[in-house]
Amino acid sequence: MHVMANLSFYALPIFIDPDSKFKIQEEVRDEQMHLLQPRLFSSTSFPRRNHLINIMQSPSTTTKQLKHIHALLFLKNPSPHLSLYLCNSILLAYANSLNPNDAFAFFATRMSHFTLNKFTFQFLLKACSKSKSLIYITQIHLMTLKLGFSSYTYLMNSLHHCYVLSDQLRDARNVFDEMPQRDIVSFNSMIHGYTKSGDMVSAIRVFEKVPNPNVITRTAMVVGFFRCGNVLAARRVFEEMPERDLVSWNAIILGYVQNRNPTEALQFFRRMQIESFKPNVITIVSVLSACASVGALDTGKWVHIFVNKNGFLLDPFLGSALIDMYSKCGAVELALEVFTCLKEKNTCTWNSLINGLAMNGHAEQALSLFNEMRIDKSVRPDEVTFVGVLLACSHGGFIEEGRKHFYCTVKEYGLNLVLEHYACMVDLLGRCGMLKEAEEIIRSMQISPDIVIWRALLGGCRIHKDVELAERVVLEMEACSSGDYVLLSNLYASVGRWGDVEKVRMIMKEKGIKKIPGSSSIEVNNTIHEFISGNKSHPRYAEISEKLDELGRKISGDGYLAETCVVLYDIEEEEKEQALGHHSEKLAIGFGLISTPPGSTIRIVKNLRVCADCHNMTKLISKICDREIVVRDRIRFHHFKDGKCSCKDYW
DNA sequence: ATAGGGTTAG
């Protein structure tokens with residue numbers, strides 16, 4: 001169907017984009033022609049048009065070359081106008097280029113005289129889907145309606161997709177509702193739209209109406225369920241899929257990572273390999289993230305080798321993921337190694353390493369890396385960088401340097417102070433006993449402080465036994481999460497105010513606040529073993545318990561005294577633990593000792609912070625057993641060696 | 001020619 005274009009329609013100024021640097025070069029200068037020579041003119045004759053079109057459509061063609069070819073076509077054309085076919089080709093080339101807005105400019109200036117066809121619109125919509133400019137989408141939508149193209153399912157699907165991409169769910173729905181015919185693509189696009197906006201109820205309603213759902217339909221549902229946190233439903237859809245492809249596997253792996261179940265994510269990664277699917281970069285990055293959060297160093301190393309073997313491009317993306325994984329597994333040397341090997345680094349790469357060093361207690365190294373970053377002109381520090389910098393200052397106890405960065409350097413780079421910066425600063429000051437200054441900083445904040453910041457102040461109160469301030473802080477926090485009460489009761493216990501300890505426990509009971517159970521995991525032979533505080537269910541529990549008892553006896557002869565004041569922070573819980581066994585990290589360490597070769601490093605990941613008793617005991621174990629023990633707690637790392645810890649007993 | 005998957009912080 002061909003409809004004569006309504007010229008006034010195209011003349012709308014909307015298509016002249018003031019930001020576009022687009023200019024058709026009417027004349028191609030000789031030297032520019034010369035630049036094109038080697039590519040275009042293999043023989044002496046003028047290249048055939050199709051050849052030029054092929055070059056234009058090739059993804060390696062730069063915008064500059066594209067414009068030259070474009071000008072060349074006009075220049076060498078005998079008649080004043082090119083054919084519609086040729087113009088559509090140029091349009092598509094611009095739509096696929098790095099500057100899709102050039103397509104609109106070309107359309108507005110060079111195509112107004114044409115009787116347009118469906119390809120013209122298809123390519124314009126292609127440009128829309130890349131530029132996501134709502135103003136163009138609406139305009140093209142109107143044109144398709146006016147020129148009678150709205151019965152083309154392909155076109156309407158593309159239009160629908162554009163609206164979904166730019167979060168215009170209502171418009172997308174209208175397009176969907178008005179379509180005379182719908183195919184599987186229409187349904188999939190609609191489902192995607194609903195899941196993207198979190199409307200799972202509508203997505204399910206559409207899903208149930210799809211005559212023959214395919215891989216894409218089902219994968220979209222998996223993603224949708226994960227997005228709204230319904231892990232079980234996501235899993236069910238996945239398990240019931242008649243066929244799966246790489247994208248489905250990536251969706252389930254990433255879904256579990258994002259729903260904080262990295263162990264399950266790694267299980268699916270393993271299953272995926274059993275079923276002979278070859279991972280791509282997206283899989284790798286998701287799996288690395290899972291390894292990082294669960295501390296699975298062996299799996300992480302395996303992935304790294306896989307990356308090298310299969311010739312994956314080590315770009316800043318993948319590099320940062322590797323650095324983050326190694327840092328969060330406590331293997332700083334390996335993180336450093338990746339960093340030095342990387343040819344290309346972006347801000348995120350630097351951030352990953354700075355944060356990694358800071359987390360692992362290498363405060364000086366983190367700060368000197370930051371200074372290197374400041375010299376490097378190719379990157380610019382951002383807010384995240386300063387989180388790492390301030391974290392390093394706080395873990396190293398560098399008050400002056402911390403103040404300097406907090407008050408000056410952040411502003412030097414034109415950055416705003418965000419919640420995380422305040423949290424680090426309050427932590428730093430609180431830790432060093434400058435509780436008053438810490439509190440003043442909180443009071444002076446432009447944004448309202450969050451729970452992390454109050455908790456940082458509370459941490460300072462605990463170290464310096466400032467009960468009065470702690471009480472005020474807890475009141476101010478309006479008492480919502482259990483950690484704060486535990487800390488307060490902890491503090492009361494440490495100064496012997498048992499009556500108040502009891503009171504806090506009553507409040508917690510009344511409010512239904514439960515202490516989060518401690519959980520520690522350790523990776524042995526590529527399997528993650530998780531231990532919950534006081535839980536005996538591990539198959540080798542008896543051996544672990546025996547080992548811990550044996551160590552306990554050895555240690556008591558070595559001057560170890562249980563830290564009673566901390567043990568008392570939650571008596572109810574503690575009694576249970578004494579009857580049943582030990583804190584989760586002790587179980588994990590015990591298991592590590594009996595299941596790994598002597599002398600090898602034991603790595604533990606813990607969901608809560610290390611208690612003083614475990615900290616003490618771990619130090620001694622590292623000495624007696626001559627083992628390096630690396631414990632990652634909720635906030636940071638502890639590297640135990642020869643009876644000492646990298647945190648220097650501040651945490 | 002159109003539909004589903006992508007890192008970094010407390």
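Per chain, numbering begins at 1; letters A, B, ... match sequence-line order.
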Discussion item. Nearest to the A/L246 side chain among B/dA9, B/dG5, B/dG6, which nucleotide is it?
Written reply: B/dG5

Worksheet item: Which of these nucleotides, B/dG6, B/dT8, B/dG4, is closest to any side-chain atom of A/I216?
Response: B/dG4

Practice prompt. Would you kindly check whether a donor in the side chain of A/N250 faces an acceptor in the base of B/dG4, or vice versa, at under 3.5 angstrom?
Written response: no

Worksheet item: Under the 3.5 Å rule, do the base of B/dG10 and the side chain of A/D450 count as making a donor-acceptor pair?
Response: yes

In whole angstroms, how far is the [atom2] atom of [N] from the [atom1] atom of [X]?
X	N	atom1	atom2	answer
A/N346	B/dT7	CG	C1'	9 Å
A/N280	B/dT7	CG	P	13 Å
A/D633	B/dG10	CG	P	11 Å
A/D245	B/dA3	CG	P	15 Å
A/F312	B/dG6	CZ	C1'	13 Å

By the 4.0 Å heavy-atom rule, please label [X] as base, sugar-phosphate, or nothing.
X	value
A/K196	nothing
A/S320	base
A/I282	base
A/N214	base
A/R227	sugar-phosphate
A/V215	base
A/S248	base
A/V285	sugar-phosphate
A/L391	sugar-phosphate

Determine the interplanar angle of the [X] and [Y] rings, folded into 0 to 90°, and report it as parallel if under 30°, tilted if 30 to 60°, perpendicular if over 60°.
X	Y	result
A/F306	A/F312	tilted
A/F149	A/F121	tilted
A/F277	A/W249	tilted
A/F386	A/H421	perpendicular

Fill in: B/dT2 phosphate, OP1 or OP2, under 4.0 Å from A/H161 side-chain N/O
no

Do any side-chain atoms of residues 165-172 of chain A form donor-acceptor pairs under 3.5 angstrom with protein atoms, and if so which ones, sequence neighbours left out?
{"unit_1": "A/S166", "atom_1": "OG", "unit_2": "A/C162", "atom_2": "O", "d": "2.9"}
{"unit_1": "A/D167", "atom_1": "OD1", "unit_2": "A/K196", "atom_2": "NZ", "d": "3.0"}
{"unit_1": "A/Q168", "atom_1": "NE2", "unit_2": "A/S166", "atom_2": "O", "d": "3.2"}

Worksheet item: Heavy-atom contacts under 4.0 Å between residues 180-192 of chain A and DNA chain B, which residues?
Response: A/V185, A/N188, A/H192

Item to complete: Return yes if some donor-acceptor pair links the side-chain N/O of A/N346 with the main-chain N/O of A/C348 below 3.5 Å, else return no.
Response: yes

Practice prompt. Indicate yes or no: does A/E240 engage A/R218 in a salt bridge with an N to O separation below 4.0 Å.
Written response: no

Discussion item. Would A/R182 pass as a cation-pi partner of A/F176, given that its NZ or CZ must be under 6.0 Å from the six-membered ring centre and within 45 degrees of the axis?
Written reply: yes

